[in-house]
Amino acid sequence: MSEPVTTRMSRFGEVDDQYDPHALEERVFEYWDEVDAYEQTKQHRADGESYFFVDGPPYTSGAAHMGTTWNKSLKDVYIRFLRMQGYDVTDRPGYDMHGLPIETKVEEQLGFENKKDIEEFGEENFIQECKDYADEQLEGLQEDFKSFGVWMDWDDPYKTVEPEYMEAAWWGFSKAAERGLVEQGHRSISQCPRCETAIANNEVEYEDVEDPSIYVKFDLADREGSLVVWTTTPWTIPANTFVAVDADLEYVGVRAEKDGEEEILYVAEACVEGVLSEGRYDDYEIVEELSGEEMLGWSYDHPLAEKVPAHPDHDGAHEVYDADYVEADRTGLVHSAPGHGEEDFERGRELGFPVFCPVGSDGVYTEEGGKYEGQFVKDADEEIIADLEAAGAMLSAGTVSHSYGHCWRCDTGIIQIVTDQWFITITDVKDELLENVEDSQWYPQWARDNRFHDFVEDAPDWNVSRQRYWGIPIPIWTPEGRDDDEDMLVVSTREELAERVDQDVDPETIDLHKDTVDELTITDGDTTYTRIPDVFDVWLDSSVASWGTLNFPEDQSRFDELWPADLIIEAHDQTRGWFWSQLGMGTTAMGEVPYERVLMHGWALDEDGRKMSKSVGNIVQPGEAIERHGADVMRLFLLSVNPQGDDMRFSWDELRNMENSLRTLWNVFRFPLPYMRLDGFDPSETTLEEVDDDLELVDEWVLARLQSTKEAMTEELEAFRQDRALDALLEFVVEDVSRFYIQAVRERMWEESDSSSKTAAYATIYRVLRETVTLLAPYAPFVAEEIYGTLTDEDGHDTVHMEDWPAVDDYWVDEQLEEDVAFLRAIEEAGANARQQAGRKLRWPVPRVVVAADDDRVAAAVERHSDLLADRLNAREVELVDPDERWGELNYSAEADMSVLGPAFGGRAGEVMTALNEARIDDPTLESLEAAANELLDEPAEITDEMVSFVTETPEGVAGTAFGTDGDDRGVVYVDASLTDDIESEGYAREVIRRVQEMRKELDLDVEERIALELSVDDDRVASLIEAREGLILEEVRADEFSTVDVDEQGGHRKEWEVEGVDVELAIAPLSATSDAV
RNA sequence: GGGCCAAUAGCUCAAUCAGGUUGAGCGCCACUCUGAUAAGGUGGAGGCUCUCGGUUCAAAUCCGAGUUGGCCCA
């Protein structure tokens, strides 16, 4: 334990018996620190071709969840892969640290209710609190990301709150302003009355709530009757300015009767029933039919005119107008208040109406609200309803459950009001945006062509102003006393700021937050300019990341070379977010899309496919996954799912599977170490090339498989399908190396004396392991590091992550061999099946295995490798039946090919298929088959060669199993399981050997330990069969002789066994221990 | 309310683009093997391919309508 820390474990040194992720990862973290693995790796590629990856900055509130973890794992695997391919990859992580979410968290912590509390606390103090909070969260995130081995430049992340980054935003914004794309405007916006700021439409979250549902009658001024409108927001009635109809829609005047009183109501024809039943009228009669067109210009009286004296009464107010937002729903007439609704606002603007909005930014009626002044709008609903009822204007008042917008952060119901906001008028450059969309390559492509394209097409102007504190101040200065966009000054850098402002400012040290810049003024001639009070929408912060991450414009050194980004990787919610904001900012500021490739992944869902959420309580913390299985396993799982668009379902089962795969790799790796160590194998002396002549077939085969694995992985990774690349690698490790190659070479490794065959196997497995862990390194950086270190010692880099991505070595490529072995394995598998059917275990030899090959390719493979096959199947002899021959004693049946039968027989195809499948014949000819099939059919069918393939029916005494690859049948293996004395002799001997081995294990004897063996068999025939193989038994169990064993005296072991129904008693004792046994 | 994506074995996913008797891994059960391997091998159970229509000789696959889940938009 107190050994000095070595910089690297010695080559082929002792390793843990079992794969222990936690201990291993701890060791590797320490090792990375010791050798500066990350720094070295970056340095190693410093002269490579540059690759500009840009990190989408996670927001610094809350910890890293499974989705963020997936995201960073994906980034890490591709950054590592690119580095191994030789690129000098930009890997600066980023953090999004401004914005309302943090403000509301801090407000919560400080117990604030509204903006007034902030003003009292002091802007400067509040901003400091926000910064502290964001910094604290950032630290947590950094630790989370490091904990699962992400290698990014953690010492120097870009932070959106640093002056040089804020400057990047100013600069981009000023570029847009230079193009004339910045304007101030009166707009209807979504306002959070608690946060007292505009929020973007995409920050509005919709929830089902219960709201008033009122039908209001607007008395017509020039004629009898009233217009009926419906709304869920009584508080907008004071601002009613006009009523909208659809000119093309049919409307009716209805004489409605209730309690003996009659009145005329105007509604859309389609809505008559609904409205009258809402109003509980007793009876009605349609007295007038007219189009919306005919109603245009009708005027009516504002029902709350007296309560709200300031209500709109300009020319044209309170009349009926056409509008395209009208539907034949509810009443077909729409109460329109341009001071509130977005569509109302647009229509009001077209009509040239002044805007009347009697509601302040806090959702409280202003003086213009008349009677309601000072009330919060939602609270005023009740009184307004009462007033409408008192005025006889209420047709019906109830409630309705509908989805209504809420503030994404504080969950307050939003209100639509009209305020002054600043915009980047991206609608002016819509064509350019759509063109630029085409300039980036998306994985998957449909996300770009459908989702993103549609989103961009419909995007409105970008409202970039927020009436808050914790954000990048908008760098606009306007003449004192005015805040419009005429004569505005837009400052682009700190340098420019220092030059222009009246105060003394040091561009090197100034912090650009609101508390600092609000005091700065600019004087031009005799006009003094002050900054507008707003800060940027937080989405603007990250939108400039592609140059902000380079500290541009402050640092101009890398921009020209690197920009735009080669790659960004984020989840699909960023189509409306970062993918979009970057496109918008890139286009308005630079005329280009700032990224060339987008890998768009999905969200991390729970095991049932539901979103992980606090309220449902189904969140899986990445920390828990690491705790249970280790970081490598978690990464392997996250990287084993399709990264293109689909959501991921978390699965503990799959994590377990991944851990099993790594355990297999670990065992494969540790298996040859003791032997290599013992034999002093030196991979730098004994290279693969050196032992080429001694390589055996399996060696060449596994090397060929290694080449195709590398090829497949490279192809998949380059297409951003790391999941498929991983599949290929794990299949190679588990199926090919562990289950086949190691099984095949273990006897060579056991050889005690030096042999060229053993050395060849060492060299082969060394090459395979070393390249395998290199291929695994981007996925599971910890375990790959430890294995690599043990294999290479001084012979490699300090870290596996400095290795070049393994290239395909043409010399070892051998597709024919791969195919041969694929056939052999299929034959072996089928042979094992046949053996089991025949009731003959593998331990017992069989006299003969017959392989009936369907085609020449298979026949050639069997011919070439019949020795190997005999060995694997424990057969004394392998016989090949060529494709054009057939084995006697067989019956045949046919298997129908539906793709041929379908077109030929149409509706009868199914029936013919069944008949063909059921027919049994003695010889596999079309004639006999047709005859047999037609016996079963009502109408005869003409069968051709292409329609069927013949299948053999196994005769008695021989077991046969079909084999094939990729679902295609390629032939049949027959196992002749008949017994001879010789075979029985070996079989029984092997049974004895295995049992002695087990007893050796139970005694915990060293592998080398010699023993004495006593054997008594309760059957004379079997005893003599075993006797015939005494030599074999002694050799295999390392016994010197058969003798009587006194278990107690010699410290031995005695046991009764039943072998194939015969009682056998075995006793063993270690020879060296005889003297000092207790 | 609209757009996009998904739905196949108990679980995770292939097969869908170019229609032809649904597959793999894991899990489960039984048997088996075991000088790297809490491993390996063989067999088995387990599917109205989300539902309903349509096209076709033939649909998991193509088309239409719906259901459920996810993202986005209103």
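Chain letters run A, B, ... following the sequence lines, proteins first and then strands; every chain starts at 1. Nothing here was measured: the structure is a model prediction, and the numbers come from that model.
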- request: Looking only at side-chain atoms of A/Arg746, point me to the closest of B/G70, B/G35, B/G43.
  value: B/G35
- request: Could you give the distance separating B/G19 and B/A60 at their C1' atoms, to the nearest angstrom?
  value: 10 Å
- prompt: Got a sec, which pairs hit side-chain hydrogen bond (donor to acceptor under 3.5 Å, both in side chains) with one end in residues 636-650 of chain A, sequence neighbours left out?
  reply: A/His572-A/Asp647
query: Taking atom C1' of B/G3 as reference, at what distance in whole Å does atom CZ of A/Phe455 sit?
result: 12 Å
statement: Whole-Å distance, A/His601 NE2 to B/C72 P, equals 13 Å
statement: Of the listed B/G35, B/A36, B/U42, the closest approach to the A/Gln997 side chain comes from B/G35
- prompt: For the pair made of CD1 in A/Ile827 and C1' in B/G41, what is the distance, rounded to whole Å?
  reply: 18 Å
task: Could you tell me which residues satisfy salt bridge (charged side-chain N to carboxylate O under 4.0 Å, His left out) with A/Glu991, sequence neighbours excluded, listed by chain and number?
output: A/Lys841, A/Arg843, A/Arg995
- request: Would you mind reporting whether A/Tyr19 and A/Val633 have side-chain heavy atoms less than 4.5 Å apart?
  value: yes
message: If you compare every side-chain N and O of A/Lys611 against the phosphate oxygens of B/C71 (OP1, OP2), does one of them come in below 4.0 Å?
response: yes
message: Pick the closest RNA chain B nucleotide for A/Glu1036 and for A/Asp458 by heavy atoms, then say which residue is nearer the 5' end.
response: A/Glu1036
message: Using atom P in both nucleotides, what's the gap between B/A18 and B/C5 to the nearest angstrom?
response: 15 Å
field: By ring-ring contact (aromatic ring centres under 6.0 Å, His included) - contacts of A/Phe637 (at least two apart)
entry: A/Phe650
query: Is a salt bridge present between A/Asp727 and A/Arg724, judged by a nitrogen-to-oxygen distance below 4.0 Å?
result: no
A/Leu662 CG - B/A38 P separation (whole Å): 14 Å
task: Go through residues 725-745 of chain A and report each residue with a non-hydrogen atom lying under 4.0 Å from RNA chain B, sorted by number.
output: A/Ser738, A/Arg739, A/Ile742, A/Gln743
OP1 or OP2 of B/C26 under 4.0 Å from side-chain N/O of A/Asn660: no
- line: Letter by letter from the 5' end, nucleotides 4-14 of chain B scores (B base, S sugar-phosphate only, - none; protein heavy atoms under 4.0 Å) BS-----SSS-
query: To the nearest Å, how far apart are A/Met612 CE and B/G69 C1'?
result: 15 Å
- prompt: Which residues satisfy the side-chain hydrogen bond (donor to acceptor under 3.5 Å, both in side chains) test with A/His340, sequence neighbours excluded?
  reply: none
task: Select from A/Pro460 and A/Leu605 the residue whose nearest nucleotide in RNA chain B is closer to the 5' end of that strand.
output: A/Leu605
message: Say we look at B/G70 and B/C52: how far apart would their C1' atoms be, to the nearest angstrom?
response: 24 Å
- request: Whole angstrom is fine here: how far is it from CZ in A/Arg825 over to P in B/U42?
  value: 10 Å
query: side-chain hydrogen bond (donor to acceptor under 3.5 Å, both in side chains) with A/Arg835: which residues, sequence neighbours excluded?
result: none
A/Arg872 CZ - B/U42 P separation (whole Å): 11 Å
- prompt: For B/C73, does either OP1 or OP2 sit under 4.0 Å from a side-chain N or O belonging to A/Arg576?
  reply: yes
Same-atom distance (P) from B/C17 to B/C50, integer angstrom: 15 Å
- request: Provide the closest heavy-atom pair for A/Asp16 versus A/Arg670 in the form atom of the first, atom of the second, distance.
  value: O-CD, 3.7 Å
message: I'd like to check the salt bridge (charged side-chain N to carboxylate O under 4.0 Å, His left out) partners of A/Asp211; sequence neighbours left out, ordered by chain and number.
response: A/Lys378
query: Taking A/Asn71 as the fixed residue, which of A/Gln574, A/His601, A/His65 is the one that meets the side-chain hydrogen bond (donor to acceptor under 3.5 Å, both in side chains) rule?
result: A/His601
Counterpart residues, side-chain hydrogen bond (donor to acceptor under 3.5 Å, both in side chains), relative to A/Glu735 (two or more places apart): A/Arg739
message: Given a 3.5 Å cut-off on both pairing distances, which stems involving RNA chain B, each at least three consecutive Watson-Crick or G-U pairs, are present, if any?
response: B:1-7 with B:67-73, B:10-13 with B:23-26, B:28-32 with B:40-44, B:50-54 with B:62-66
query: Using atom P of each nucleotide, how far apart are B/A30 and B/U21 to the nearest Å?
result: 34 Å
- prompt: A/Glu342 has an atom CD; how far is it from atom P of B/C73, in whole Å?
  reply: 14 Å
- prompt: Distance between the P atoms of B/U8 and B/C13, in whole angstroms?
  reply: 9 Å
- request: Name all residues meeting the salt bridge (charged side-chain N to carboxylate O under 4.0 Å, His left out) criterion together with A/Asp461; count only those two or more places apart in sequence or in a different chain, and write none if there are none.
  value: A/Arg187
query: In whole Å, what separates the C1' atom of B/A58 from that of B/A39?
result: 45 Å
field: C1' gap between B/A59 and B/G46, integer Å
entry: 24 Å
query: Sequence neighbours excluded, which residues qualify as salt bridge (charged side-chain N to carboxylate O under 4.0 Å, His left out) partners of A/Glu986?
result: A/Arg876, A/Arg990, A/Arg1029
